[in-house]
Number of protein chains: 2
Amino acid sequence: MAYVAYVNYNIRSVCERKKMAHKPRSEMIAETRAKLVAAARHAFGTAGYADASMDDFTAAAGLTRGALYHHFGDKKGLLEAVIAEIDAEMGARLHIVAGNAPTRWEGFVAECIAYIEMALEPEIQRIVLRDGPAVLGDPSAWPNQNACIRSMAENLQRLTEEGTIVATDPEAVSRLINGAMLHASLWIANAPDPEATSKKAVHALKTLLEGLLVRNRSPG
Amino acid sequence: MAYVAYVNYNIRSVCERKKMAHKPRSEMIAETRAKLVAAARHAFGTAGYADASMDDFTAAAGLTRGALYHHFGDKKGLLEAVIAEIDAEMGARLHIVAGNAPTRWEGFVAECIAYIEMALEPEIQRIVLRDGPAVLGDPSAWPNQNACIRSMAENLQRLTEEGTIVATDPEAVSRLINGAMLHASLWIANAPDPEATSKKAVHALKTLLEGLLVRNRSPG
DNA sequence: CTAATTTACATACGCCTCGTATATCAGAGG
DNA sequence: CCTCTGATATACGAGGCGTATGTAAATTAG
């Protein structure tokens, strides 16, 4: 018995989608995943993870929660996918910035500043910096390990080897700096005058970073 | 009509509480609030804010959600109260640490290290560092403004005036350092070997901080 | 000292959200 | 052509939260 109503099933929507595209199945699936990720990204970025209703944003993507559970397991799984996407974009942007600098050190500083600027974007701030850690735990344990951090740690490693900066554990320093930048972004974004605050933060960060330069340190 | 069942009301629990104590009303209220905050603090600290059921932890405190809504408005309000309590404790602990140091600079460094250690405690980490920002937004905009940050900013102000450290905006530097420490704590807490990681982080932090000392900087 | 009012809390109800179980259909492959 | 697997939709149940409402104790008024 039961489920009599299934006679009306989803005939309409399925037919519509059939008419629209005759792509191979794998493409349709990729498209579905992309649609879900995009819709979730928007919802998470504006309403926040907790207040984003799965029913709502799957519907906005022209789908239902059924598709979501099939592809991502649960809401957290979808958040992971969204964060992975954003993180990849961030990594790519930082890579470009670092590559355009004349020296390694300057590249590093430019990367830091670019990171702060990116972290000012509301979507990144909300999803990656606030909800991400709350829902998924410590970012340093995430699978991607934040492409950003790895890139910075590598730079620091080389700078240390070159003798440009004082000897420290590169990973430790990169995590400290990353945390500093992240917090700075939250501060800037919520400040009454973000522009001025940003200048103060960038200046302070440069001061802090320059303390690492060997040429700035007197033997002592 | 309706609400017929109210005849049985809460006679039992009320009578029990009446027998137990004949304190003035204000004390009873304070006790209720304290019980709720304590129960919530435990639940938030172990299960996390999102997974802590209001029905469950109010019941654990011998109360119902009615009391909670009356005193704190909603779940967020209770979280605010919990965080305020924890923040006050942290501030007091830091104050003591700083006061025991021979010089202002050493006090500042000691405070930083103590902060990292505190932030390793699971309850603080979960409630203040992860769920807090996700639910209540940027910590720098919280009412208490994090007693910790203010204290550090004051120290930096004085150190700058004394000429001990290079001139920067004290608030900016304190926020950067605060973010660095916070992130370091998350990293340490989730590292496979927290002890060793902690040493690395503290060493790196000291290196970073010492870069601010005027006596370490060569004129450049 | 009694009556009115306020305050502190408990209960009931409804909406919404999530997760799981089930149903259906479209393609892929034999 | 038939079967089987995979992609998606629907139905159902369990909780969680917020609000509206109820009650009794404490306080204040007269």
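Quick caveat, the model's predicted, so the values are computed rather than measured. So you know, we letter chains A, B, ... as the sequences are listed, proteins then strands, and number each from 1.
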Just how far, in rounded Å, is C1' of C/dC18 from CE of A/M54? 7 Å
Can you tell me which nucleotide in D/dT19, C/dC18, C/dA10 comes closest to the side chain of B/Y69? D/dT19
In whole angstroms, the gap separating P of D/dT10 from CG of A/L68 amounts to 15 Å
Using whole Å, what does the distance between atom C1' of nucleotide D/dC17 and atom CG of B/D55 come to? 9 Å
Between D/dG18 atom P and A/D51 atom CG, what is the distance in whole Å? 10 Å
Between B/G66 and B/K75, who's closer to the 5' end of DNA chain D by nearest nucleotide? B/K75
Residue of the set A/I188, A/T207, A/I113 for which side chain to side chain contact (heavy atoms under 4.5 Å, CB included) holds with A/V202: A/I113
What pair of heavy atoms forms the shortest contact from A/D138 to B/R130, and how long is it? N-NE, 4.4 Å
Check whether NZ of the Lys or CZ of the Arg B/R33 lies under 6.0 Å from the centre of the six-membered ring of B/F72 and within 45 degrees of that ring's axis. yes
Atom-pair distance (CG on A/L36; C1' on D/dT8), nearest Å: 11 Å
So that I can tick it off, tell me whether A/K199 and A/E195 are bridged by a salt bridge, with the cut-off set at under 4.0 angstrom between side-chain N and carboxylate O. no
Does OP1 or OP2 of D/dT8 have a side-chain N or O of A/H70 closer than 4.0 Å? no
Against the side chain of B/I29, the closest entry in C/dA8, C/dC9, C/dT20 is C/dA8
If you pin A/G73 and A/S53 to their nearest nucleotides in DNA chain C, which one's is more 5'? A/S53
OP1, OP2 of D/dT8 versus side-chain N and O of A/H71: anything below 4.0 Å? yes
Are A/T32 and D/dA7 close enough that a side-chain N or O sits under 4.0 Å from OP1 or OP2? no
Does any non-hydrogen side-chain atom of A/Y49 lie less than 4.5 Å from one of A/K75? yes
Of the listed nucleotides C/dC9, D/dG18, C/dT20, the one nearest the side chain of B/L63: C/dC9
Would you mind reading off the distance between B/D56 atom CG and D/dC17 atom C1', rounded to a whole angstrom? 13 Å
Please classify the nucleic acid contact of B/A52 as base, sugar-phosphate, or nothing, using heavy-atom distances under 4.0 Å. sugar-phosphate
Take atom CG of B/L78 and atom C1' of D/dC17, then tell me their distance rounded to the nearest Å. 14 Å
Just the rounded figure in Å: distance from P of C/dC9 to CE of B/M28. 8 Å
Have a look at B/A50 and say if it touches a base, only the backbone sugar-phosphate, or nothing, with a 4.0 Å heavy-atom cut-off. nothing
